[in-house]
Amino acid sequence: MNERPLWRCDARELARLFHSGEVTAARIIDAHLARIAEVNPAVGAATIVFDERARAVAAELDRRRAEGEELGALAAVPFTVKENIDLTWSASTHGWTFLAEAVPPVDATMVRRLLDADAIPIARGNMPDFGLRWDTDNDLFGRTRNPWDADRVAGGSSGGDAVAVATGMAPLGLGNDYGGSLRLPAYAAGVCALRPSAGRIPAPTAADEPVSLTLAHFAVNGPIARSVDDLDLAFSLMHGADGRDPLAITIPHPTSYDGPRRAAVVRDPLGWGVDPEVSAAVDRAAEALADAGWELVDAEPPLLEEAATSWRQLSSTEMVGAFRPGGLPAPLSEGSTRYFLDNASETHLLETVEEYAGAWARRVQVAAAWEAFQVEYPIVLGPVSARRMPRVGFDLSGPAATTQLWRDHRLLVAVNFLGLPSVAVPTGLDDDGLPTGVQLIAGRNRDHVALAAARDVEARFGALTPVDVHERVAAD
């Protein structure tokens, strides 16, 4: 191993080291628990750490290996689980104080499939209450800090898992994405994330409760990792119907892509402006794709503004409904309440049945236009956000700030509106030493195409993490 710390290894490497007998599962888990103890006080990414239980599972894996038992593809690999994904080892709090004791009766399918692959849960990842903000903070566990710059937000809502992966607490994290909640914190932390196509990975909970249409169709579950290969491996294990989630589907997941290699490059979505660092990142990624054999065309997908606007209108309209009697079971924190009210005041809510039904009907037409566009351009390359990560507190600075964030994330949320797969991948550091990145968007159920393009970008820039937290934030 050349004395390389185990917490610096990615998931595939750890699994190889364990399967080959070079290291024990106990040693892998102890290395990551030590890393958590060292860096988590500075960043607040992990909420609950499973010291004893993770060590017990590791000991059992070592026993099984010694007896010659065949073990899973992710044997001995630690992973984190977001606070709203069911894991019977602890409560699924959603960042809410009133759910602090709400331990689920069964594991989410995605968790169970990783457990069946002999991966080991090591901690829970922090999130904003109800996943409502593009920041990670709540009254139950507090704030997750950006490991690159503590004055900037870590993104949300899967911020805890992204920071845990970026800082070496685990090579793999599980989160979800309703409005960029996997890709945005990955962009902030300098790691990779896959937002799968809608329906590819089953629901994060087995609870038999009604959910809104936007949650059913905009939200997905997916992995965060330090490499595209790890994303691909985790997705290959987690995807497919489970006989429980009626929206989950099973379709093949190819291991490679040999189709048309044409990409539409969107440097400034809708011409609303981007930071110079963002534009430069898209240029660098475009060069990487071109060198890998992709034909590039500057072209914007159709009806992008309508897709982004409809996402905001539908999600805000349903959240307003949730605040009425019989809606949310408990109040949000002060910060999330303020953000919600400011955002709603800036949004044209769909006030009639005709408007609401019309928005969903129109979604099919917008999706058809994108589908035709992506037959010609199987990949859309563009920014995750039009800006670098904002300063802490920006999203609570007034109604105009919520609109600015939505504008910054216009390409991000359009993907959610349409249920498309997208991979966020780093593209190096900017002049201030902050991570940059892009997203690669494929057509619906063509997740392998997005992963293939992301792999070509990654090959140029490599990994930015694990990051040394103490050099970055310990002095703040």
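If you read the sequence from its start, that first residue is 1, and numbering goes on from there.
In this structure, the side chain of R338 does not engage the main chain of S397 through any donor-acceptor pair within 3.5 Å. Judged by distance alone, the side chain of T403 and the main-chain N or O of A400 form no donor-acceptor pair under 3.5 Å.
Note on R444 versus E371: no salt bridge recorded, every NZ/NE/NH1/NH2 to OD/OE distance being 4.0 Å or above. Electrostatic pairing of D230 and R226 does not count as a salt bridge here, judged by no charged N lying under 4.0 Å from a carboxylate O. Salt-bridge check for D137 with R145: failed, with every basic side-chain N at 4.0 Å or more from each acidic carboxylate O. Looking at D135 and R143, a side-chain N of the basic residue comes within less than 4.0 Å of a carboxylate O on the acidic one, giving a salt bridge. Salt bridge present: D149 and R391 bring a charged side-chain N and a carboxylate O closer than 4.0 Å. Ion pairing between a basic and an acidic side chain is recognised when a charged N comes within 4.0 Å of a carboxylate O; E305 and R407 show no such pairing. Salt-bridge annotation for R455 and D232: present, with a side-chain N of the basic residue lying under 4.0 Å from a carboxylate O of the acidic one.
Between the side chains of S310 and R362, not a single donor N or O lies within less than 3.5 Å of an accepting N or O. Side-chain polar atoms of N416 and R183 form a donor-acceptor pair below 3.5 angstrom. Judged by distance alone, the side chains of S333 and D139 never bring a donor and an acceptor atom under 3.5 Å apart.
Ring geometry for F130 versus W96: interplanar angle under 30°, hence parallel rather than tilted (30 to 60°).
For D298, the CG atom sits in a packed shell: over 12 heavy atoms of surrounding residues, nucleotides or ligands are nearer than 6.0 Å.
F340 places none of its side-chain heavy atoms less than 4.5 Å from the side chain of R133. Between E83 and S92, every side-chain heavy-atom pair lies at or beyond the 4.5 Å cut-off. Side chains of L74 and L172 form a contact here, defined as non-hydrogen atoms less than 4.5 Å apart. Using a 4.5 Å cut-off on side-chain heavy atoms (C-beta onward), L451 and H253 make contact.
Between W360 and F218, the ring centre distance stays below 6.0 Å.
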ask   = What's the verdict on side chain to side chain contact (heavy atoms under 4.5 Å, CB included) for N138 and N126, showing C-alpha distance, side-chain angles and the deciding distance?
value = CA-CA 9 Å; N138 60 61; N126 200 22; 2.8 Å; yes
request  = In sequence, state the C-alpha distance, the side-chain angles, and the governing distance for S385 and D408, and then conclude on side-chain hydrogen bond (donor to acceptor under 3.5 Å, both in side chains).
outcome  = CA-CA 5 Å; S385 173; D408 293 345; 5.0 Å; no
message = For I379 and V449: C-alpha separation, side-chain torsions, deciding distance, then whether side chain to side chain contact (heavy atoms under 4.5 Å, CB included) applies.
response = CA-CA 7 Å; I379 284 293; V449 183; 3.9 Å; yes
query = Which is it for V438 and V384 under the side chain to side chain contact (heavy atoms under 4.5 Å, CB included) test, yes or no, and what are the steps along the way?
reply = CA-CA 5 Å; V438 296; V384 175; 5.6 Å; no
task = Carefully, step by step, assess D447 and R195 under the rule salt bridge (charged side-chain N to carboxylate O under 4.0 Å, His left out).
result = CA-CA 9 Å; D447 304 63; R195 188 219 122 89; over 6 Å; no
Show me the donor-acceptor pairs, under 3.5 Å and distance only, between side chains in residues 270-282 and residues at least two apart or in other chains.
{"unit_1": "D275", "atom_1": "OD1", "unit_2": "R387", "atom_2": "NH1", "d": "3.1"}
{"unit_1": "D275", "atom_1": "OD2", "unit_2": "R388", "atom_2": "N", "d": "2.9"}

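When the side-chain contact (heavy atoms from CB on, under 4.5 Å) test is applied to A369, the partners found at least two apart in sequence or on another chain are P302, L303.
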